[in-house]
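For reference, the structure is listed below as structure tokens.
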Amino acid sequence: MITDPSPSLDPWPQGALRVVGRRVTRASATDKVTGRTCFASDVALPGMAHAVVLRAAIPRGRVLGVDAAAAMTVPGVIHIAGPFDFPLPPGTAYSLGPSFRPRPVIDAEVRFVGEEIGAVVAETPVAARLAARLVQFDYAPQPAVLTMAAALAPDAPRLAADGNIVGGGDVLSAGDLEGGIAASDVVVEACYATEAQHHNVLEPHGCVAAWDAGTLIMWDSSQGCHAIRERLAAVFELPLKRVRVISEHVGGGFGSKITLKPYHVIAAQLARLVGRPIRLFTERRDEFIASHHRAPTERTIWLGATSAGRLTFIAQRVSGQAGPSALFARNAAGAANGLRLHGCPNVRAEIRRVLTNTQAPIPFRGPTAAEDIFCLEQAIDEMAHALAMDPLDFHRRNIADIEPFTRLPYAGNGLRACYDRGAAAFGWNWRPPQDADDSVLARGIGMGAVAYDGTLYEDSQATVAAHGDGRIEVCVGLTEIGCGADTVFAQIAAEAFEVPVDLLHTRFGDTHATPRSIDSTNHSRTTTVVGPAVRAAAQALRALLMERGARLLQTEAAHVMQRGAAVARRDDPGVAVTFGVIAAAAGGVLSATRSREAAPDGVFQAMFGAHFVEVEVDRRTGRVRVLRAVCAHDAGRVVNPLLAESQVQGGFLQGMGMALFEERVTDPRGGHLLNATMWAYRMPGVADTPASIRFVDGSVPDISNSLGVKGIGEPPLIAAGAAIANAIFNACGVRIRSYPITPDKVLAALAGRSRA
Amino acid sequence: MIDSSRHHGNHRRRLCVNGQAHDVDIPDNTTLAVVLRDMLALTGTKVACNQAACGACTVLLDGRPVFSCHLLAAQVGDRPVRTVEALADGMTLHPLQAAFIEHDALQCGFCTPGMLMAIMGAGSGMADRDDVVRAISGNLCRCGAYPHIIDAVLSCRGRAAP
């Protein structure tokens, strides 16, 4: 249901307000520290059976036959399905968009190692896993392309009729590139690469699916109950009211749990087939090989600048690994956010999304932007070095006035504030790289900036309700993925209501109990999309309570005022009626549902930030340690500095993982991931954590919405990588352009330089 | 024919969990995590990797932290097991839990029970940041809450022993 936007509300004044802008503790924290929080993977239904997905062991080919005889003898096995006997749901296909070829969720065609080719249902998870190992598949393998280089080779097998570059390629451009090249005094050119990054959410993907009198009920570990519901309804050809998705808290998403995935459809279909609730959660190895990842990318960047330090052009040639079909190709590579970061009028990026027999990329916190800006901000640092200029000074000379593609002004651009406040907090005192120094431990500092496109408007509804027992409930249709949606909307409503935040409870995560506030929690936009709807609903409910309260007090609305959580007579404030009593008189609940306000015209919303980092490089081992970081971010208005600090620290650490550690080891012939475990795939642990990751609020007023808010979820990851790489260069004079910057690369670069 | 019951007998075992004795029929191939979660409905203990690599399933066995996903229930014997559910005293939170809330030492919350139990198992002698790092170096938090976890634990110094 799309609704008309509400009229825009009056903008909130600048600065911290009564509740908004305060360090309110996380609403769900008590349940989380006592083990009471119910995640989808904690749900157990009577009569529940357990499912395991069978996955392809070859990268490309066809399943010719399935032998399940041995597996069927395992005690407790209920059902085994392969590609030839899995009845398709009525919608017949798992399809994410109207323009894509429908494809069964369990198919005989194999396009990557780990693709879904069957499922086992058993009484226990152990029996299901044991049986799964005994199912034999007969394959007709076909030649596969496992890397972008292999896919682009002249004699490569074609994965699509029009070749292995999706749509033949894509170009982003603005301004006059030739003019920019002519105007440049200095040009730098370099090649960079980023590696795939696995989300590695702690709670695996999965769900419990049950049918109740024709209604599908799913407890799902996803980022968006309403998005999953809508797509399940489409696949199973059910009216929306016949699908209920419950997805309240989720043990990590980071982008991997936005969309409908094969497991949803498989679990729901198996539940219907065996007539019992099905529990299907992915094992860790399958999380690695078949829950999607951030795409590996390669790019060449050319920058031009005047000798006075003004950028004259940015050109890029980018390739990203797109997986086996065009379905998720847009997640393979991008360049727009890097091109809008600096005030450079002449920009161009040629983007190739390359088909491969690997799992497809899916958004990962700052999708395509992290890959892009990890590289671009190294190139910017290289340019500053070529100009013998402090990189902070170079950044300050290139602040954007307008967004280059729409040529609209930003609704707010806090880059200068981020540079100034971040540098001051860090104690930025730049000096050139110490390449002559040969001490064992080399220290250096580096910086990197970020711009990330925000969301000005999306349809959203929220409800605020007063209950007879005195509770005020904020009801929002979204999933809480750890960002604090359980807390910030209560703050926003409490602000609008002028009551203490403790009186507010937030209800979310159940499509049958909430309005549709957002499809899923992603793109750092939940607060900016849903917040204005919550404020509007809270204001409407407040007016309703005043009106009803006045009636109960036998006077007119003009003659009453709010006193705490009660309505009182102006002429005799001792005569009052509480919100709870007003709600009870209205039948127990009094509520207001409102749509989000309209967006302002003629502006572009983007988040900005700048990171300042100090590293230590061990010249003997090549090991890099991040000693401290200052992360300045422009979020428009920080609703909760405590939770924002958590987001920023976590984002920085995930970016540090991508910059220094996280790397696949793949068998180059068979396409099997060899480090599909949590110990062999190296992620940041507590021992890698810098002594200090300090969040600095670099927000400036933003006119995107009446709350003045934008996001803060993704930019802290995006800005981390180049700042670290630039600090390594500053420490020891070596430039490592291929992420992750592992000790072997550092040692090789140091050895190469000493030979030079 | 493969018959798991031939290789793995069911045995009635008495487990002492959170101060309470439970008599349960447990197949020999069952981990402590499965018993806690699926048989005793103590779902506060999480299983994230099932590879003994992430620490989300950490519980205390005889006061020491163990990965319950890689400990067979049959190995527990009569040693007491303590899970996150037993950390608070009724409605009164343990000081460590209160510190986690105050410092926002969690985001998605999936690693939190394991983190808490690993810290509890490290004892009360944690003097500085390095001690905290050692205590939870076997626990992964993908949200990256480590800085706030360190803050929370250090804020508990000198308070009630675990």
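Order of the sequence lines sets the chain letters (A, B, ...), proteins ahead of strands, with each chain counted from 1.
Contact annotation for B:V47: only backbone heavy atoms (N, CA, C, O) come within less than 4.5 Å of a heavy atom of chain A. Heavy-atom distances place no part of A:R694 under 4.5 Å from chain B, backbone and side chain included. For A:E287, no part sits under 4.5 Å from any heavy atom of chain B, backbone or side chain. Contact annotation for B:L42: neither backbone nor side-chain heavy atoms come within less than 4.5 Å of a heavy atom of chain A. Of the atoms belonging to A:F281, not a single heavy atom falls under 4.5 Å from chain B. Proximity to chain A involves both the backbone and the side chain of B:I136, based on heavy atoms less than 4.5 angstrom apart. If you measure heavy-atom distances from B:L93 to chain A, the contacts under 4.5 Å come from the side chain alone. At a 4.5 Å heavy-atom cutoff, the contact between A:P684 and chain B is made by backbone and side-chain atoms alike. Contact annotation for A:T37: only backbone heavy atoms (N, CA, C, O) come within less than 4.5 Å of a heavy atom of chain B. If you measure heavy-atom distances from A:A44 to chain B, you find no contacts under 4.5 Å at all. For A:A27, no part lies under 4.5 angstrom from a heavy atom of chain B. Contact annotation for A:I693: only side-chain heavy atoms (C-beta onward) come within less than 4.5 Å of a heavy atom of chain B.
Residue pairs that meet the salt bridge (charged side-chain N to carboxylate O under 4.0 Å, His left out) test with at least one member in residues 124-140 of chain B, sequence neighbours left out, are B:D131-B:R134. Sorted by first then second residue, the salt bridge (charged side-chain N to carboxylate O under 4.0 Å, His left out) pairs that include residues 124-136 of chain A, not counting sequence neighbours, number zero.
For an aromatic pair to be called close, the ring centres must be under 6.0 Å apart, and A:Y681 with A:H198 satisfies this. Between A:H293 and A:F364, the ring centre distance reaches or exceeds 6.0 Å.
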Verdict with reasoning, A:E714 to A:S524, per side chain to side chain donor-acceptor pair (under 3.5 Å):
CA-CA 6 Å; A:E714 291 160 290; A:S524 305; 2.6 Å; yes

Step by step, work out the ring-ring contact (aromatic ring centres under 6.0 Å, His included) result for A:F652 and A:H633.
CA-CA 12 Å; A:F652 179 84; A:H633 287 276; 9.7 Å; no

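Contact tally against chain B (heavy-atom pairs below 4.5 Å) for A:A691, A:S646, A:G252, A:G484: the top residue is A:S646. Each of B:C54, B:P113, B:C49 has some count of heavy-atom pairs under 4.5 Å with chain A, and the biggest count is that of B:C49. For the set A:R285, A:H199, A:R36, the entry with the most heavy-atom pairs within less than 4.5 Å of chain B is A:H199. Of the listed residues B:H148, B:M115, B:K46, B:R37, the one with more heavy-atom pairs under 4.5 angstrom with chain A than any other is B:H148. Contact count against chain B (heavy-atom pairs under 4.5 Å) is highest for A:N200 among A:T124, A:N200, A:I481. Among A:L653, A:L202, A:V250, the residue making the largest number of heavy-atom pairs under 4.5 Å with chain B is A:L202. Note on B:V34, B:V84, B:L116, B:I101: by heavy-atom pairs under 4.5 Å with chain A, the leading option is B:I101. Contacts with chain A were tallied for B:A48, B:G44, B:G144; B:A48 has the most, counting heavy-atom pairs under 4.5 Å. The candidate with the highest count of non-hydrogen atom pairs below 4.5 Å against chain B, out of A:R23, A:Q654, A:H249, is A:Q654. Chain B forms the most heavy-atom pairs under 4.5 Å with one residue out of A:T677, A:T25, A:D42, and that residue is A:D42.
Under 4.0 Å is where a charged nitrogen must lie from a carboxylate oxygen, and between A:D486 and A:K32 no such pair does.
Side chains of A:S41 and A:E203: a donor-acceptor N/O pair is present below 3.5 angstrom, by distance only. For the 3.5 Å distance criterion, the side chains of B:D89 and B:H94 fail to qualify, holding no donor opposite an acceptor. For the 3.5 Å distance criterion, the side chains of A:S222 and A:S247 qualify, holding a donor opposite an acceptor. Using modelled atom types and a 3.5 Å distance limit, the side chains of B:N50 and A:E283 yield no donor-acceptor pair.
Residue B:T112 is tested with B:L106, B:N139, B:I149 for a side-chain contact (heavy atoms from CB on, under 4.5 Å); the sole match is B:L106.
Within the 3.5 Å criterion, the main-chain N or O of B:A88 finds no donor-acceptor partner in the side chain of B:T92.
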